[in-house]
Every structure is written in structure tokens, then in C-alpha cells.
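Step one of this worksheet: look at the structure below.
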Amino acid sequence: MSNRKIINQLIQLQELIVARMQKKAAMPSAPLEALDENIALLGKTLPAPIKTHLNRLLQKGPEAVVPVVNDNCAACGMALTRSLVNEVIKVDDLKRCPNCTRYLYYPSEVVARERAKRVFGEKTPKGIARFSAPSLMVFPLKGATPKAVLGELCERMSEAGFVEDHAKLLDGALQRETIVSTAVDNGMAFPHVRGVEGGGLAMAVGIHKKGIHFGGPGRRLTRIFFFMVIPTATSAFYLKLISGLSQAFREKETRDELLGVADEAELWKLLVKKTRRTIK
Ligand SMILES: [Zn+2]
């Protein structure tokens with residue numbers, strides 16, 4: 001197996017493992033057999049020494065394969081030597097961070113972040129306002145396909161100044177959905193792009209009144225979209241966030257309230273209110 005193929009396989013495996021955690025957090029009773037099967041299948045073909053080290057890394061957390069960003073390891077922040085970065089780019093050999101020993105890859109697409117605008121003397125926001133904003137509420141979503149809906153969410157992220165290039169962000173989000181759908185059976189989905197570094201986690205929320213087939217044919221319609229860009233360092237927090245959101249919108253009544261909002265301002269108000277207890 002070529003090194004590039006191993007890296008791609010490690011990234012896929014990591015996404016599946018996080019998807020499993022996400023599913024467990026969102027719906028404790030959700031069946032996990034299909035995911036477990038895929039995880040076992042992908043793991044089986046990896047060279048034995050890599051599998052061993054991967055399992056060791058996974059005990060520390062879900063991030064085992066991380067991007068090199070501005071010549072730093074995205075997980076621990078270690079500054080990498082130029083020669084190591086060049087080797088990571090060439091992929092002649094599988095390289096690990098000398099500090100945290102995670103596998104390194106060089107991202108082909110880098111989604112740039114806009115600089116966070118902080119006003120002097122401004123209070124640090126609390127709860128959901130730490131990573132979302134009224135400008136990131138999208139209502140109503142109009143697209144009829146996953147690509148169209150994700151496109152609307154990505155465009156809003158860039159309009160609101162959270163990322164620079166919405167087309168690259170959309171590529172990343174679509175690519176992620178091909179590994180395993182982020183749709184949950186209660187009409188919600190948690191699409192995301194990992195490895196968008198240089199800022200905090202950011203979340204846009206979109207409501208599609210009619211619903212679309214997001215999780216593939218035969219699945220229930222998806223109406224509520226929580227779309228996130230996740231820097232490597234916030235991976236652990238991301239899982240807490242998913243579980244907080246799932247808890248807040250576990251009851252059908254509460255989800256129906258989201259679907260019944262009149263505009264984006266109301267959506268934001270409701271989101272803040274409903275997550276007050278589950279997202280600190
Ligand atoms: Zn590191």
C-alpha cells in the first residue's frame with residue numbers, strides 16, 4: 001500500500017471513529033453495527049505497526065492523524081523543521097510529530113480563516129454565543145440537494161467572515177459526507193469540516209422547512225442542520241457540543257419549535273434559550 005493511501009485510510013478511519021462517538025453522543029440507543037463493521041474493515045488492511053501505534057494514539061483522543069498548519073503540528077502546536085515538513089509533503093515515508101507522535105499530513109486544501117474581530121473591552125460571550133452568532137443563522141434553507149444546502153451554509157460562513165473561501169469549504173464538507181453521513185434519524189444532521197485551523201470552532205445553523213434526503217435514500221428527511229468548522233485543537237470540545245445540542249433537541253416538541261421560527265433573529269433567540277442548560 002502506498003503511503004498516500006495509508007494516510008487517506010487513516011483519515012477515513014479517524015472520521016469513522018469520531019462519527020461513532022458522535023452517534024453515541026447524539027443518540028445513545030443508535031445502532032452502531034454498520035459503523036463498527038466499516039471501522040474493522042478499514043483497520044484490517046493497515047500495516048501492523050501502524051495499527052498498533054494508531055490504537056495507542058486513539059486512547060488519548062480521537063485525533064491520530066493531524067494536518068501540518070503553518071509548519072506546526074495542528075494537534076500540539078510543535079514547530080516542525082523545514083525538512084520534516086518537506087518530507088510530510090512528499091509522503092515518501094509516514095511521518096509523525098516528534099512531540100505528540102501523531103501522524104502528520106499536509107492538507108491539499110487549506111480553508112483560510114478570517115481574523116477574529118475582537119473589540120477592546122467587549123465581554124467574552126457565554127454558552128452557544130462563544131462559537132455561533134446571529135449572522136450564522138440560515139432560515140429558510142432553500143436547496144433541494146445535500147450539495148445545495150451545504151453550499152448555502154458554507155456561503156453564510158464566508159459572508160459572516162468566519163472563513164475566506166466557501167467553495168473549498170463546500171468541497172471539504174461534501175468529502176466528509178462521502179465517508180459516512182452525518183445525518184441522525186431524528187431529522188437533524190451535523191455536517192462539518194475538520195482541520196480548519198487558525199481560530200475557534202464555528203457553527204452555522206440552518207432550517208429546511210420541507211426537509212431533504214441528506215442521509216441517503218430510505219432515510220428520514222433532514223430539516224435541522226448544525227454545520228461546523230472544527231480546528232484540530234477543539235476536537236474534544238466538538239463531541240461535548242454535539243452531545244449538548246442533541247440533549248437540547250432530543251424531544252420532538254423542541255425540534256418542532258425550531259422548525260416553526262419566523263426568521264433568523266427568532267432562530268438565534270430560540271437556540272440560545274434552548275441550549276442555555278446543555279451548553280456551558
Ligand atoms: Zn504534535
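Remember, predicted model here, so these are calculated numbers, not experimental data. One-based numbering, in listed order, for ligands and for the atoms of each.
Residue pairs that meet the ring-ring contact (aromatic ring centres under 6.0 Å, His included) test with at least one member in residues 260-280, sequence neighbours left out, do not exist here.
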Run the side-chain donor-acceptor check on residues 180-191: report pairs under 3.5 Å with partners two or more places apart or on a different chain.
| unit_1 | atom_1 | unit_2 | atom_2 | d |
| --- | --- | --- | --- | --- |
| Ser181 | OG | Ala183 | N | 3.1 |
| Thr182 | OG1 | Glu177 | OE1 | 3.4 |
| Thr182 | OG1 | Glu177 | OE2 | 2.7 |
| Asp185 | OD1 | Arg219 | NE | 3.3 |
| Asn186 | OD1 | Met188 | N | 3.4 |

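Here Leu16 contributes atom CG and Asp36 contributes atom CG; the two are 10.0 Å apart, rounded to the nearest 0.5 Å.
Contact check on Glu15 versus Arg176 returns a salt bridge, with a Lys/Arg side-chain nitrogen under 4.0 Å from an Asp/Glu carboxylate oxygen.
For the Zn ion (ligand 1), the tally of protein N/O/S atoms lying closer than 2.8 Å stands at 4.
Checked against ring-ring contact (aromatic ring centres under 6.0 Å, His included), Phe131 has the following partners two or more places apart in sequence or in another chain: Phe237.
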Given salt bridge (Lys or Arg N to Asp or Glu O under 4.0 Å), test Arg156 with Glu159 step by step and report yes or no.
CA-CA 5 Å; Arg156 180 60 67 90; Glu159 279 166 16; 3.6 Å; yes
